[in-house]
Amino acid sequence: MKILVTGAAGFIGSNFVFYMLDKHPDYEIIALDALTYAGNLETLKLVMNNENFTFVRGDIADRECVFNLFESAGFDVVVNFAAESHVDRSIEDPGIFLKTNILGTQVLMDAARKFGVKRFHQVGTDEVYGDLPLDRPDLFFTEDMPVTASSPYSASKASADLLVMAYYRTYGLPVSISRCSNNYGPYQFPEKLIPLMIANALADKPLPVYGTGENVRDWLYVEDHCKAIDMIIHNGKIGEVYNIGGHNERTNLEVVKTILRQLNKPDSLITFVGDRKGHDLRYAIDPAKISGELGWLPDTSFDVGIKKTIDWYLENEAWWKNVMTGEYQEYYNKMYGDR
Ligand code: NAD
Ligand code: TYD
């Protein structure tokens with residue numbers, strides 16, 4: 001089996017490459033990544049010499065590059081992780097989100113149509129369901145809920161999902177979509193909540209919590225997301241959407257306090273800052289479909305996963321310090337400077 005993994009130098013894409021090469025040592029993985037600020041070749045160091053792994057630098061929205069790659073490689077499966085993925089950046093500058101997340105997906109699907117694939121899997125997000133109220137813990141996102149969106153990021157991901165389903169219905173492209181809750185684990189870029197708080201706490205810098213910190217996210221250890229995608233591309237039904245989440249809801253404040261406790265740092269580092277514009281209140285996945293149809297269940301509890309994640313950041317300081325140079329400092333000052 002030959003699989004194209006786009007966005008493989010990013011957080012979840014790289015973890016997926018590691019998972020697949022380990023689980024299916026006979027599969028061939030070709031990675032396509034533009035190496036934006038969020039992609040780092042250092043992340044793929046462990047597999048660069050694996051003879052079943054090839055890295056190609058390129059933009060998924062570059063039609064010529066994508067078509068040449070499909071023509072020369074002949075893929076069985078495409079798993080599209082490549083995206084602009086940070087809500088705060090999408091609020092500052094939506095344009096690149098539309099280009100990569102929507103047009104890039106279109107280019108990949110056009111190539112998949114022309115050269116043929118057995119499966120085009122779109123890595124989606126639960127943010128396409130909008131948000132849930134804080135006072136209705138009985139409500140969860142299910143696959144049949146209408147797609148709506150709060151941020152330019154989620155709107156671009158929702159648009160891509162609609163386009164994927166349109167290519168299935170109109171052209172018969174063999175697609176599937178997964179919509180996962182918030183991931184955490186090794187190699188996450190320190191602009192997202194958990195690695196940003198770990199990095200700041202280790203430096204005894206303020207931990208910027210948006211608004212009241214009462215917003216709720218449903219956290220899943222990244223390896224459990226990778227396992228779910230592996231199951232979907234092998235046994236998931238074509239033309240279907242699968243939600244992925246492990247019923248692990250926490251307020252942002254709970255997550256931040258857990259990190260501080262594990263690092264032996266004081267709660268006084270917590271600093272409440274201005275809220276995110278349009279800030280979604282609560283995400284919570286109902287994973288009944290993927291559990292019932294494919295037998296997926298998460299393996300890693302939050303208590304174990306957060307400890308593993310913190311240990312990883314402690315042991316891999318060189319990796320995150322390296323990605324936090326240059327553009328990151330500019331970004332940090334712009335986002336948090338006078339918030
Ligand atoms: P990330 O930002 O860490 O990585 C994105 C990767 O895509 C980077 O390596 C980047 O270089 C690459 N990329 C960006 N634009 C590209 C382009 N035009 N062409 C080729 N490569 C490009 O993101 P992530 O957190 O790993 O998310 C991966 C996917 O999973 C995204 O589609 C995201 O929407 C989805 N997702 C993420 C989460 C989460 O919690 N992080 C949850 C659900 C779904
Ligand atoms: P984030 O990791 O950006 O993921 P998403 O917005 O896709 O859920 O943020 C997770 C939550 O943490 C979200 O409610 C915003 C909040 N947050 C902060 O309070 N402070 C921060 O510095 C960041 C990056 C996020």
Side-chain angles (χ1 to χ4, degrees), residues 5-16 31-41 43-44 56-62 65-66 79-91 96-97 99-101 103-105 107-108 122-128 131 150-151 153-154 156-157 160-161 178-185 187-197 199-200 206-220 222 225 229 243-245 250-253 255-256 270-276 278-283 285 323 332 335-336 339:
V5 180
T6 70
F11 165 45
I12 311 175
S14 61
N15 278 283
F16 182 71
L32 175 65
D33 197 296
L35 299 181
T36 68
Y37 79 93
N40 192 335
L41 267 192
T43 303
L44 291 169
V56 178
R57 183 173 190 175
D59 184 337
I60 58 164
D62 178 344
C65 156
V66 168
V79 184
N80 181 26
F81 290 95
E84 287 294 332
S85 67
H86 191 36
V87 171
D88 292 325
R89 287 185 192 253
S90 83
I91 294 168
I96 185 69
F97 285 72
K99 178 166 182 248
T100 293
N101 300 0
L103 297 178
T105 302
V107 169
L108 288 171
Q122 175 71 1
V123 180
T125 167
D126 63 350
E127 301 191 26
V128 303
D131 64 352
S150 312
S151 69
Y153 163 68
S154 52
S156 69
K157 293 294 289 184
D161 281 9
S178 51
R179 294 180 180 149
C180 192
S181 61
N182 285 61
N183 284 214
Y184 68 102
Y187 296 107
Q188 186 166 30
F189 195 79
E191 65 185 353
K192 304 282 167 63
L193 180 74
I194 289 181
L196 185 140
M197 297 300 170
N200 281 19
L207 271 49
V209 173
Y210 299 165
T212 60
E214 293 306 310
N215 303 60
V216 170
R217 296 293 182 264
D218 187 355
W219 294 96
L220 187 73
V222 62
H225 186 186
I229 294 174
N243 285 353
I244 309 170
R250 313 266 150 152
T251 67
N252 294 337
L253 213 45
V255 170
V256 170
I270 294 173
T271 309
F272 292 96
V273 299
D275 210 353
R276 174 185 279 173
H279 199 172
D280 279 337
L281 294 172
R282 170 175 170 251
Y283 302 147
I285 285 273
V323 302
Y332 198 89
M335 288 293 181
Y336 298 94
R339 195 163 184 143

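When a ligand or atom number is given, it counts from 1 through the structure's own listing order.
Residue-to-ligand polar distances keep Asn182 apart from ligand 1: every N/O pair is separated by 3.5 Å or more. At least one N or O atom of Phe11, backbone or side chain, sits closer than 3.5 Å to an N or O atom of ligand 1. Considering backbone and side-chain atoms alike, Thr100 places an N or O below 3.5 Å from some N or O of ligand 1. The distance criterion of under 3.5 Å between nitrogen or oxygen atoms is met by Asn183 with respect to ligand 1. For ligand 1, none of its N or O atoms has an N or O atom of Asn80 under 3.5 Å away. Inclusion of Ala61 in the set of residues having an N or O under 3.5 Å from an N or O of ligand 1 is not warranted.
Among protein heavy atoms, the minimum distance from atom 4 (O) of ligand 1 is reached at Gly10 CA, 3.4 Å. Of the protein's heavy atoms, Ile60 N, 2.9 Å lies nearest to atom 19 (N) of ligand 1. If you check which protein heavy atom lies closest to atom 21 (N) of ligand 1, you get Ala34 N, 3.1 Å. The shortest contact between atom 44 (C) of ligand 1 and any protein heavy atom is with Gly124 O, 3.1 Å. The nearest protein atom to atom 35 (C) of ligand 1, hydrogens excluded, is given as Val123 CG1, 4.0 Å; this is a heavy-atom distance. Among all protein heavy atoms, the one lying closest to atom 18 (N) of ligand 1 is Asp59 OD1, 2.8 Å. The protein non-hydrogen atom at the shortest distance from atom 43 (C) of ligand 1 is Cys180 O, 3.4 Å. For atom 33 (C) of ligand 1, the closest heavy atom belonging to the protein is Tyr153 OH, 3.5 Å.
Closest of all the heavy-atom pairs between Gly124 and Lys157 is CA-CE, 4.2 Å. For the pair Gly245 and Leu220, the tightest heavy-atom approach, listed with the atom from each and the gap, is C-CD1, 4.4 Å. Tyr37 approaches Glu84 most closely through the heavy-atom pair CE2-OE1, 3.7 Å. Of all the heavy atoms in Phe272 and Thr212, the pair that sits closest is CE2-O, 3.3 Å. Between Asn101 and Ser156, the shortest heavy-atom contact is ND2-OG, 3.0 Å. In this structure, Thr251 and Val216 approach most closely via the heavy-atom pair CG2-CG2, 4.0 Å.
Residue-level proximity to ligand 1 for Leu35 is carried by the backbone, the only part with a heavy atom below 4.0 angstrom. Residue contacts with ligand 1, taken as heavy atom pairs separated by less than 4.0 Å, do not involve Trp219 at all.
Ring geometry for His279 against Tyr210 counts as perpendicular: the plane angle is over 60°, on a 0 to 90° scale with 30° as the lower cut.
Atom 1 (P) of ligand 1 has its nearest heavy-atom neighbour, among Gly245, Ser85, Cys65, Ala9, in Ser85. One option in Leu108, Thr6, Ile12 has a heavy atom closer to atom 38 (C) of ligand 1 than any other, and that option is Ile12. Compare Ala83, Gly7, Gly58 by their heavy atoms: the one nearest to atom 14 (C) of ligand 1 is in Ala83. Counting only non-hydrogen atoms, the option in Lys192, Arg217, Arg179, Lys157 that gets closest to atom 32 (O) of ligand 1 is Lys157. Counting only non-hydrogen atoms, the option in Phe81, Tyr283, Tyr187 that gets closest to atom 29 (C) of ligand 1 is Phe81.
For the pair Asn243/Asp126, no side-chain contact is recorded, criterion being any heavy-atom separation below 4.5 Å from C-beta on. Put simply, the side chain of Ile229 reaches to within 4.5 Å of the side chain of Val79, judged on heavy atoms. The closest side-chain heavy-atom distance from Pro190 to Met197 is not below 4.5 Å. No side-chain heavy atom of Asn40 sits less than 4.5 Å from a side-chain heavy atom of Ser14.
Arg276 pairs by the salt bridge (charged side-chain N to carboxylate O under 4.0 Å, His left out) definition with Asp88, not counting sequence neighbours.
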Checking side-chain contact (heavy atoms from CB on, under 4.5 Å) for the pair Thr271/Tyr336: CA distance, chi angles, key distance, verdict?
CA-CA 11 Å; Thr271 309; Tyr336 298 94; over 6 Å; no
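Annotation: cation-pi geometry not satisfied between Arg217 and Tyr184 (NZ/CZ under 6.0 angstrom from ring centroid, within 45° of ring axis).
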Write 'none' if nothing qualifies; otherwise put on separate lines each N/O atom of ligand 2 with a protein N/O atom under 3.5 Å away and their distance to 0.1 Å.
from: ligand 2; atom 1: 2 (O); to: Leu193; atom 2: N; distance (Å): 2.9
from: ligand 2; atom 1: 3 (O); to: Arg276; atom 2: NH2; distance (Å): 3.0
from: ligand 2; atom 1: 4 (O); to: Asn182; atom 2: ND2; distance (Å): 3.4
from: ligand 2; atom 1: 6 (O); to: Arg276; atom 2: NH1; distance (Å): 2.5
from: ligand 2; atom 1: 6 (O); to: Arg276; atom 2: NH2; distance (Å): 3.3
from: ligand 2; atom 1: 7 (O); to: Glu127; atom 2: OE2; distance (Å): 2.6
from: ligand 2; atom 1: 8 (O); to: Asn182; atom 2: ND2; distance (Å): 2.9
from: ligand 2; atom 1: 8 (O); to: Arg217; atom 2: NE; distance (Å): 2.7
from: ligand 2; atom 1: 12 (O); to: Asn252; atom 2: ND2; distance (Å): 3.4
from: ligand 2; atom 1: 14 (O); to: Arg217; atom 2: NH2; distance (Å): 3.2
from: ligand 2; atom 1: 14 (O); to: Asn252; atom 2: ND2; distance (Å): 2.9
from: ligand 2; atom 1: 14 (O); to: His279; atom 2: NE2; distance (Å): 2.7
from: ligand 2; atom 1: 19 (O); to: Tyr210; atom 2: N; distance (Å): 2.8
from: ligand 2; atom 1: 20 (N); to: Pro208; atom 2: O; distance (Å): 2.8
from: ligand 2; atom 1: 22 (O); to: Pro208; atom 2: O; distance (Å): 3.3
from: ligand 2; atom 1: 22 (O); to: Tyr336; atom 2: OH; distance (Å): 2.7

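Between Arg282 atom CZ and Asp218 atom CG the span is 8.5 Å, to the nearest 0.5 Å. Note that OG of Ser181 is 5.5 Å distant from CD1 of Ile285, once rounded to the nearest 0.5 Å. Note that CD of Glu214 is 6.0 Å distant from CG of Leu253, once rounded to the nearest 0.5 Å. In this structure, Ser151 OG and Arg89 CZ are separated by 14.5 Å, a value rounded to the nearest 0.5 Å.
Assignment of Ala8 to the shell around ligand 1 is not supported, since no heavy atom sits closer than 4.0 Å. At a 4.0 Å cut-off, at least one heavy atom of Ser181 sits close enough to ligand 1 to count as contact.
The Ala82 neighbourhood of ligand 1 comprises atoms 7 (O), 20 (C), 21 (N), 22 (C), with distances under 4.0 Å to a heavy atom of that residue.
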